[in-house]
Amino acid sequence: MELTVEGLSVARGGMPVLEGLTFTLTTGNILILRGPNGSGKTTLLRTLAGLQPPLAGRIGLPPEAIAYGAHADGLKATLSVAENLTFWARVYGTTDIEPALAQFNLKGLRNRAAHSLSAGQKRRLGLARLLVTGRRFWLLDEPTVSLDQASVGLFADAVRSHVAGGGAALIATHIDLGLAAETLDVAPFRADPDRPTRTPTAFDEAFT
Amino acid sequence: MELTVEGLSVARGGMPVLEGLTFTLTTGNILILRGPNGSGKTTLLRTLAGLQPPLAGRIGLPPEAIAYGAHADGLKATLSVAENLTFWARVYGTTDIEPALAQFNLKGLRNRAAHSLSAGQKRRLGLARLLVTGRRFWLLDEPTVSLDQASVGLFADAVRSHVAGGGAALIATHIDLGLAAETLDVAPFRADPDRPTRTPTAFDEAFT
Amino acid sequence: MERTKQSRDAWNWLWEWANPVKFMHLTGKALPWVVGLTLVTLIPGLIWGFFFTPEADKFGSSVKIIYVHVPSAMMAINAWAMMLVASLIWLVRRHHVGALAAKAAAPVGVVFTVIALLTGAIWGQPMWGTWWAWDPRLTSFLILFLFYLGYMALWAAIDDPDTAADLTSVLAIVGSVFAVLSRYAVNFWNQGLHQGASLSLDAEENVADVYWQPLVLTLVGIVALFVALVFIRTRTQLRRRRLHALELRERMADA
Amino acid sequence: MIALLVRDLRLAVRAGGGFGLGLAFFLIVTVLVPFAVGPEGETLARIAPGILWVGALLACLLSLDRIFQLDFEDGSLDLLATAPLPMEGAVVVKALAHWLTTGLPLTLAAPVFGILMNMQAPGHWWIFVTLLIGTPALSMIGAFGAALTVGLKRGGLLLSLLVLPLYVPTLIFGAEAATRGGAGMAVTTPILMLAGITAGVVAFLPFAAAAAIRINIR
Amino acid sequence: MIALLVRDLRLAVRAGGGFGLGLAFFLIVTVLVPFAVGPEGETLARIAPGILWVGALLACLLSLDRIFQLDFEDGSLDLLATAPLPMEGAVVVKALAHWLTTGLPLTLAAPVFGILMNMQAPGHWWIFVTLLIGTPALSMIGAFGAALTVGLKRGGLLLSLLVLPLYVPTLIFGAEAATRGGAGMAVTTPILMLAGITAGVVAFLPFAAAAAIRINIR
Amino acid sequence: MPDLGKYAEAVLSAWGISIFLVLALVGLSWRQSVVARRQLEAAEARAAKRGKSDDA
Ligand code: HEM
Ligand SMILES: Nc1ncnc2c1ncn2[C@@H]1O[C@H](COP(=O)(O)OP(=O)(O)OP(=O)(O)O)[C@@H](O)[C@H]1O
Ligand SMILES: Nc1ncnc2c1ncn2[C@@H]1O[C@H](COP(=O)(O)OP(=O)(O)OP(=O)(O)O)[C@@H](O)[C@H]1O
Ligand SMILES: [Mg+2]
Ligand SMILES: [Mg+2]
């Protein structure tokens, strides 16, 4: 299985941010997205996850293969750790949340309401969700925000074992995760605002 | 001027998290708070900022000396970068936002609405707020979340020049900021739930 | 995919209109004529109606209100129909002109609605002895006013222009269905006080020619006025949309 | 789907009594009106079915932004959109959860509150029946409005503005049927119309609402 | 302080027309009641002042959670609490901003909407006067309720529940004065009571509200 | 000026309001159109200049 991206252009707020991206991610691999703040990593991941349409180009991926992990964790403050996780497990048609709890060291917190977790504990719960999706391709947007060194280690282990088990991960991050991975820097693909093809003549569909 | 903390205990959600903290921070210095996720750094900073009362102990600090930077940035999505910053400047009785914009490389974004910023750009704006407060003591909770390497550098520069100008900073963080600073690890001060002094007799005062 | 977003088909001669460049060009040419038509129909029609119509037996001189009330009430309803069609064009064909024409027409529709409501109320006071009555036609017209308000508020509340276009178009469609439904509901709920279809050719209800002729003139005039205003305002919207795109690009170049 | 329903119901219950609050608001509106209008029994009895319908409608309205707004803010809506659930299904489930926590309790309580408004015997029965038929439409229309405004910061009032005109037909037929029923007149036509609106709304609006959500989160 | 007022007004205007929406909701409530109650002019005229007051009150109520909730959610309330502003001052300023964007427009519009309810001549004047005196109290009480519920996820309905009983005295005296004034009777007593409530509320509630906020954010 | 009799007030106010509102709408549309055209021209000019300086 592979995720292929050809000549992809993505836009945010009506403005192209990245153009002409081409890459392939096959199972068993990790690809790290790098790029300065505001370069379009989040936009790219959202487009790949199907949340917004691409401006141009082709995305090829097997259906039902993607699990997306966003800046926000989507936790319900009044539900407990176990309830939050069970919900996502049922949505994705899986049932067992124990391995996920164990992997992210959440067993001791399982009955705590999510609103009483610290920033890093919330994040760990958000990441544990990935394990219960059962999806092959993980698209992760700055997954290690707020995590301490030990938790970053837990996360890296989780990614490694996921990949070893036939998964793949595309991770946008600013820090070094200590993973054996290829790196894709998005900076060179920044959209050029004055590219002539986008300004044929005034008004000629020139609204992006 | 100095911030002194003596025998401080702090609680979160009715549960003591740190006990017996003692330290002093004088102007011209930086103190880095370290500790694993959930160890109580946020709780400590909120207590020092006066947002919650301490459980025990004494906090000595000059009045009107503290600027607090939380996990959340307090930005108004519909206001522009300059409007957001001007508001805080006026609240703190200062007027000039230009140095802050320049320091955090926000000049190009000054008329952008805050909701159209990327995660890292928002964070930079949140940090720029510190500069317009004119306060000596900065209490910062994971200030570099979402920042790329270059922006972390900008932040470190800002802290350095603030401290050089007679300020001080107390920073909770999980990453290495490259600052010359003392470090305080809060892990050894973790509250011990079964310490006898807090449970004199059953039910008697044993509610915290 | 072709370079333009729209694929070509037999109806292309029609869709050509919706190309922004074509639209700007054509309306630029047509605008003086439409404005001219407005001037030569609306003004004489109004003058004729105001100065040169006799008093009616039942209405007295208040009959002159008909020349402002009826055209604006008619256009208020037709403007919504035009917005519905324009919204459908945007949703189906993704032509910006469609969405922006709908956006441009809404304030015109609201002003006509307000005029019809106010003049109706002013006319109602001497005729029915009340400013307002919960008559089916009045009531459903008031609901139409609410739909206009909601539609405009939704446009104003969304920043991204294409998102706003999509959502307001969905609202226009669903709203139209409910506007029609309300009309039936209100009819069922109450019997009318308001004038019947006096313009129909039905002999009994028909108004005398002395009133009818200037009214037709003002009706033509108000349609021309509407078209002229929608042209002008759509051109403004297109320019603003283009300006928005340019500003985004400028911003990107700065950043 | 069932997981979503269970979660939404659980959240409604946990959030400080989802059931109770809609009811309480309804009660307060029916209490405030006599205060404002004055206590004459006859006027009150005359306007009772109408006021009860308006009260139910407003109680419904106030809880609408719960349907999608919280999920949008904490990011779960994005995650749900990438999950293997059709968005239309999610919309229907969420409208259903809203009805179970708001519309249904209101329906059950209305006959009792009717007593406060000096309502007479068959009126209680008819206010119950009309609300039972009409409130599902209110929840579904509300879900559509919530879907339209989900991206907007504090879209609460805008939501009311968009939704209330859409509620008008339901309100007219519902209140008309309740009033006629209470007065012992024939109610078949308005009841049929009310049922027709509910059926139509439940059949078609999920698609419009799902489209609106997809547009809003992109 | 002025900076805060300016910011709040600006936010209200930016958020898709802060002024317009409260008004629109008010209009809609006054329109819905005739739909529900039926169109007979006489009944309507009788209940008009009361319904207008209830409508204004509900329009006020719906916009209350804007006062502090947004600031709490995005963290600005924490930051404001550590800023050199007395919390009492912030509360007053925010209540004032709420009144300027909600209460004042409602007051100005009420006489016009009275026409829809078949209201007769001096009634318009009295509904205007009573709302002008009473709405500041509504905003201030609302700010207190909002302060109490600010920490709660989607406290909207709970807020209504807490605030509505507090609104009852204002509503009773306001509606009473408006009704009497419309009928040409003496209004001095209810107007004085109304003014007294407003004065008392504005003098004391800021302290309670500020205390509630300090407790809620800790 | 025709004699409007007892309806003078109604007729004149109805016509007055209508004409005022229509003129206001026309004026507003016109002004917005002028402003938008001016702003767009300025922006196009800036864009053209930027394009050139980039080439250089
Ligand atoms: C607030 C009060 C009123 C409102 C909202 C109102 C609204 C309307 C509407 C919506 C139409 C229909 C236009 C169309 O379908 O093309 C209309 C037409 C008309 N109205 Fe009114 N009206 C009001 C009061 C009055 C009064 C008081 C009179 C006269 C006594 C009047 C006389 C007419 C006439 C003669 C027509 C043309 C009927 C036709 O040919 O279809 N209206 N009005
Ligand atoms: N809603 C929006 N409207 C307009 N522009 C936006 C919007 N959201 C983001 N942008 C802009 O789009 C660009 C790409 O943003 P994106 O969030 O994809 O960056 P990123 O690479 O994820 O950055 P970070 O590392 O800071 O998270 C940025 O320049 C940002 O300012
Ligand atoms: N509202 C709450 N109710 C109960 N317990 C809470 C609450 N908020 C936090 N806690 C608990 O208090 C402890 C300290 O939390 P705090 O947020 O101070 O940690 P932290 O050091 O900032 O962690 P992180 O690095 O993850 O941000 C944690 O164990 C957390 O689970
Ligand atoms: Mg990002
Ligand atoms: Mg923390």
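Letters A, B, ... are given to chains in the order of the sequence lines, protein chains preceding strands, and every chain is numbered from 1.
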Inset, instruction - Name the option with the most non-hydrogen atom pairs under 4.5 Å to chain D; the candidates are Leu142(C), Thr163(C), Asp159(C), Thr168(C). - result: Thr163(C)
Inset, instruction - Could you tell me which non-hydrogen atom of Pro169(D) sits nearest to which non-hydrogen atom of Ala185(C), and how far apart they are? - result: CA-CB, 4.2 Å
Inset, instruction - Report the distance from atom CD1 of Ile172(D) to atom CG of Asn187(C), rounding to the nearest 0.5 Å. - result: 10.0 Å
Inset, instruction - Check whether more than 12 heavy atoms from other residues, nucleotides or ligands sit under 6.0 Å from atom CH2 of Trp128(C), and answer yes or no. - result: yes
Legend entry - Side chain / backbone / both / neither for Ala211(D) at chain C, heavy atoms under 4.5 Å: neither
Inset, instruction - Heavy atoms only: give me the nearest Ala157(C)-Leu158(D) pair and the separation to one decimal. - result: CB-CD2, 3.6 Å
Inset, instruction - Select one option (side chain, backbone, both, neither) describing which atoms of Arg180(D) are under 4.5 Å from chain C's heavy atoms. - result: side chain
Inset, instruction - State, yes or no, whether a side-chain contact exists between Leu171(C) and Leu162(D) at a heavy-atom distance under 4.5 Å. - result: yes
Inset, instruction - Find the distance between CG (Leu152(D)) and CG (Leu154(C)) and round it off to the nearest 0.5 Å. - result: 7.0 Å
Legend entry - Carboxylate-amine/guanidinium contact Arg218(D) Asp166(C), below 4.0 Å: yes
Inset, instruction - Over all heavy atoms of both residues, which pair between Leu161(D) and Ala153(C) is shortest? Give the atoms and the distance, please. - result: CD2-CB, 3.9 Å
Inset, instruction - Mark yes when over 12 heavy atoms from residues, nucleotides or ligands other than Tyr184(C) sit less than 6.0 Å from its OH; otherwise mark no. - result: no
Legend entry - Candidate pair Phe204(D) and Val177(C), rule side-chain contact (heavy atoms from CB on, under 4.5 Å), full reasoning: CA-CA 11 Å; Phe204(D) 294 111; Val177(C) 174; over 6 Å; no
Legend entry - Which atoms of Leu164(D) approach chain C - backbone, side chain, both or neither, heavy atom under 4.5 Å: neither
Inset, instruction - With a 4.5 angstrom heavy-atom cut-off, could you sort out which part of Val163(D) is near chain C: side chain, backbone, both or neither? - result: neither
Legend entry - Pairwise side-chain contact, Phe178(C) with Val168(D), heavy-atom cut-off 4.5 Å (strictly under): no
Inset, instruction - Pick one of side chain, backbone, both or neither for Ile197(D), based on which atoms fall under 4.5 Å of a heavy atom in chain C. - result: side chain
